[in-house]
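What you see below is based on every heavy atom in this structure, not just the backbone, and it leaves out hydrogens, waters and symmetry mates. In the text below, chain A, chain B and the rest are named by the order of the sequence lines, each starting its count at 1.
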Number of protein chains: 2
Amino acid sequence: MAVTLKDIAREVGVSVTTVSRGLAGYDDVAAETRERIQEVADQLGYHPNLTARRLQKQRTDTLGFIMPTFGPRFSDPFFSEFLAGIGNEAAGYGYDLLVSTHAPDSDREREAYARAVRGGWVDGLIVVRTRENDERIETLCAHEFPFVAFGRTDCNCDFPYVDEDGAAGMRLIVQHFIDLGHRRIGFIAPPPGLMFGRYRLRSFLSTMAANNLETPPDLVVEGDMTQRGGAEVVERLLNLAERPTAVIAGNDLMAIGALNRIQQRGLRVGQDLAVAGFDDIPLSAYTTPPLTTIHQPIYDIGRRTCAMLIEIINGRPPANPHILLTPELVVRESSGPPRTTN
Amino acid sequence: MAVTLKDIAREVGVSVTTVSRGLAGYDDVAAETRERIQEVADQLGYHPNLTARRLQKQRTDTLGFIMPTFGPRFSDPFFSEFLAGIGNEAAGYGYDLLVSTHAPDSDREREAYARAVRGGWVDGLIVVRTRENDERIETLCAHEFPFVAFGRTDCNCDFPYVDEDGAAGMRLIVQHFIDLGHRRIGFIAPPPGLMFGRYRLRSFLSTMAANNLETPPDLVVEGDMTQRGGAEVVERLLNLAERPTAVIAGNDLMAIGALNRIQQRGLRVGQDLAVAGFDDIPLSAYTTPPLTTIHQPIYDIGRRTCAMLIEIINGRPPANPHILLTPELVVRESSGPPRTTN
DNA sequence: TTTGACATCCAAAACGTTTCGGATTATACT
DNA sequence: AGTATAATCCGAAACGTTTTGGATGTCAAA
């Protein structure tokens with residue numbers, strides 16, 4: 001069926017070895033034969049068998065991405081953009097991208113990582129949504145398997161990552177609200193196990209404290225990162241005897257859910273209550289009102305994560321394996337000063 | 001390094017052949033030796049080398065998904081959900097999923113399909129966002145390469161697909177608006193090259209005609225499927241001397257963009273102007289106001305597409321290779337009767 | 001004429017698996 | 001005793017590539 005080295009060898013009248021080396025451009029095959037080989041290869045439409053090459057070279061030229069998916073109705077704008085980033089970068093270097101989808105912290109997820117670690121499946125992994133005491137990272141470190149994470153974590157091994165400076169981002173929002181005159185600010189926190197959520201929550205609390213503002217515990221509620229979750233828990237904030245004048249959500253999706261519920265209550269977002277999100281997903285510019293948020297260059301993060309991984313796989317440890325991107329505040333109509341008559 | 005059949009063979013004291021056949025469960029190896037082999041394999045932590053097996057079996061146990069991505073800031077809630085669907089289904093059957101990202105109709109995309117067709121890369125492909133005169137499908141058909149499409153197209157080859165009945169869906173919305181009393185309905189069409197857009201547009205026009213309503217050309221504008229696009233082109237509808245009382249967008253993303261711009265103009269969506277989308281992405285329940293739309297079981301479509309592909313790869317042509325899913329209308333607050341004083 | 005250097009080529013092994021076609025031994029049947 | 005039958009096993013080839021370690025021949029320098 002497919003054209004192999006043997007076919008070319010027969011046609012040209014040399015050995016398979018010579019064909020292989022000729023095509024690879026080694027200089028121990030005469031220029032003339034090399035040209036002849038190339039010519040016949042083109043004419044026959046030769047394309048090397050990747051599987052065979054992989055078996056021989058003991059590498060797959062493939063990157064793995066194990067996507068943590070929650071439930072069947074899984075939709076996160078983060079992933080398509082990130083995927084496009086790593087996909088394009090990988091393709092540029094001639095790498096394929098193998099994608100698995102598994103529920104976080106599930107047995108199947110663990111098994112997928114185990115499979116990667118024991119070799120031959122992919123050359124390296126991209127890890128996203130780092131978790132507290134991240135078992136995945138512990139495993140990869142322990143086996144010295146090449147990987148790069150999007151996000152830091154608190155395990156005691158040193159590993160390469162690209163991350164946004166969530167603390168800095170949150171500081172920007174909180175300060176923005178405080179500068180506008182807000183004193184009572186509610187926070188919709190991401191689930192505690194996710195590292196990026198922790199950074200955001202901690203930074204929220206510390207920035208408040210740095211401004212001599214206290215944050216009573218009932219001003220912090222926890223959502224599940226979805227619109228639905230945001231909508232549900234913002235209720236608790238709205239029902240407080242002394243309602244906050246501003247609400248910050250740990251991500252845009254929850255902020256959008258909150259927007260929805262707040263407006264259903266008849267409150268005007270931006271006037272009666274300020275709201276901010278985090279991530280600047282494309283949608284956040286088109287909500288009603290448009291959402292104040294922190295911009296994250298997800299596509300670029302994907303590219304850089306992937307590029308770093310490829311460097312590592314090829315034995316070129318990056319000069320700086322810890323990239324921390326400083327985010328920027330995007331002010332839109334969902335934020336405004338507190339109502340004076342409050 | 002890794003444990004191979006040879007290691008087990010040496011340990012047990014039989015040939016590599018016997019180990020291979022023993023593990024595979026052939027009955028020409030004694031039960032006793034089989035158990036012994038299995039035991040040693042477990043103890044040594046044997047896992048077959050997939051690359052070697054692939055080379056031998058001449059199949060990759062891998063499915064390909066070539067994602068059409070537009071521009072760097074690419075974010076489409078459709079893809080993460082679809083990906084989760086095919087990913088989970090594929091994993092259930094022991095298949096890996098190889099994902100490439102390429103701009104539609106680009107040389108790199110063509111090259112990716114060419115690579116698939118010439119074999120050895122993946123066992124089958126999943127094609128999405130079918131296009132008019134879809135070159136990809138022509139190629140795959142011509143080479144008899146296993147694939148399943150999400151979406152139909154107008155080429156003259158017969159091929160397996162899963163699709164939503166876009167025409168039926170659009171009929172539901174249009175009829176819904178007409179029943180509410182609307183007569184002048186604007187339409188934000190998807191780009192013309194995409195088949196699903198054509199079905200939706202055609203059904204919009206024909207349903208209008210079936211109700212003896214005319215659709216002057218300036219009531220149909222064309223967007224690029226993004227919020228930004230929806231926001232931009234809805235302006236043209238709003239600027240018309242005789243403004244429509246309802247607007248239907250070809251997908252939810254554009255509807256959301258339209259929502260934004262309409263409200264910026266000071267119009268109340270649902271009262272002053274009715275709006276509907278198409279897809280029922282999770283966000284559409286949380287816009288302000290929530291969006292009337294057509295529900296698409298994307299996750300399920302992903303699963304079914306994948307399942308069908310695996311059947312085909314394994315030489316079991318599905319009884320019904322043309323699945324058409326009937327969508328349902330989801331009425332939310334963005335739709336309402338036309339203003340009486342119009 | 002020998003020596004060495006160089007240019008060009010290739011056979012064979014290797015990567016780890018599966019499969020083909022027997023080979024060997026024991027068992028049962030004439 | 002001889003012969004068929006079944007139960008076990010295995011050597012070798014195959015999948016398509018790359019690499020190792022020469023082999024062969026040519027030419028120039030000593």
Members of residues 52-60 of chain B that approach DNA chain C, where some heavy atom sits under 4.0 Å away: B:Ala52, B:Arg53, B:Gln56, B:Lys57
Side chain proximity check, A:Leu125 to A:Arg136, heavy atoms < 4.5 angstrom: no
Parallel, tilted or perpendicular: rings of B:Tyr161 and B:His322 (30°, 60°): tilted
A:Ser15 side-chain proximity, nearest of C:dA11, D:dC10, D:dG16: C:dA11
For B:Asp27, side-chain hydrogen bond (donor to acceptor under 3.5 Å, both in side chains) partners two or more places apart: none
DNA chain C contacts among residues 17-28 of chain A, heavy-atom distance under 4.0 Å: A:Thr17, A:Thr18, A:Asp28
CZ-CD distance between A:Arg36 and A:Glu39, expressed to the nearest 0.5 angstrom: 5.0 Å
Value in whole Å for how far the P atom of D:dC9 lies from CZ of B:Arg36: 13 Å
Overall bend - the helix from C:dT1-D:dA30 to C:dT30-D:dA1, comparing terminal axes fitted on five pairs, nearest 10 degrees: 70°
For residues 76-99 of chain B, run the donor-acceptor check on the side chains, cut-off 3.5 Å, and write out each pair with its distance to 0.1 Å, sequence neighbours left out.
residue, atom, partner, partner atom, Å
B:Asp76, OD1, B:Phe78, N, 2.9
B:Asp76, OD2, B:Arg129, NH2, 3.3
B:Ser80, OG, A:Asp76, N, 3.1
B:Ser80, OG, B:Pro77, O, 3.3
B:Glu81, OE1, A:Arg73, NE, 3.4
B:Glu81, OE2, A:Arg73, NE, 2.6
B:Asn88, OD1, A:Thr101, OG1, 2.6
B:Asn88, ND2, B:Ala84, O, 3.4
B:Asn88, ND2, B:Tyr299, OH, 2.9
B:Glu89, OE1, B:Arg303, NE, 3.4
B:Glu89, OE1, B:Arg303, NH2, 3.3
B:Tyr95, OH, B:Arg59, NH2, 3.2
B:Tyr95, OH, B:Asn314, OD1, 3.4
B:Asp96, OD1, A:Arg115, NH2, 2.8
B:Asp96, OD2, A:Trp121, NE1, 2.8

Rounded distance (Å) that lies between atom C1' of D:dT18 and atom CG of A:Leu50: 14 Å
5'-most by nearest nucleotide on DNA chain D - B:Val16 or A:Lys6: B:Val16
A:Ala2 to A:Asp7 - nearest heavy-atom pair and separation: O-OD2, 3.8 Å
Separation of atom CZ in A:Arg10 from atom P in D:dG16, rounded to whole Å: 12 Å
Nearest atoms (heavy-atom pairs only) where A:Arg108 meets A:His102: CB-ND1, 3.6 Å
Enumerate donor-acceptor pairs with a distance under 3.5 Å from any side-chain N or O in residues 17-25 of chain B to protein atoms, sequence neighbours excluded.
residue, atom, partner, partner atom, Å
B:Thr18, OG1, B:Ser15, OG, 3.1
B:Arg21, NE, B:Asp28, OD1, 3.3
B:Arg21, NE, B:Asp28, OD2, 3.1

Whole-Å gap separating P (D:dA14) and CG (A:Asn49): 17 Å
Spacing between B:Asp61 atom CG and C:dG16 atom P, to the nearest angstrom: 19 Å
Between P of D:dA7 and CD of B:Glu32, the distance in whole Å: 16 Å
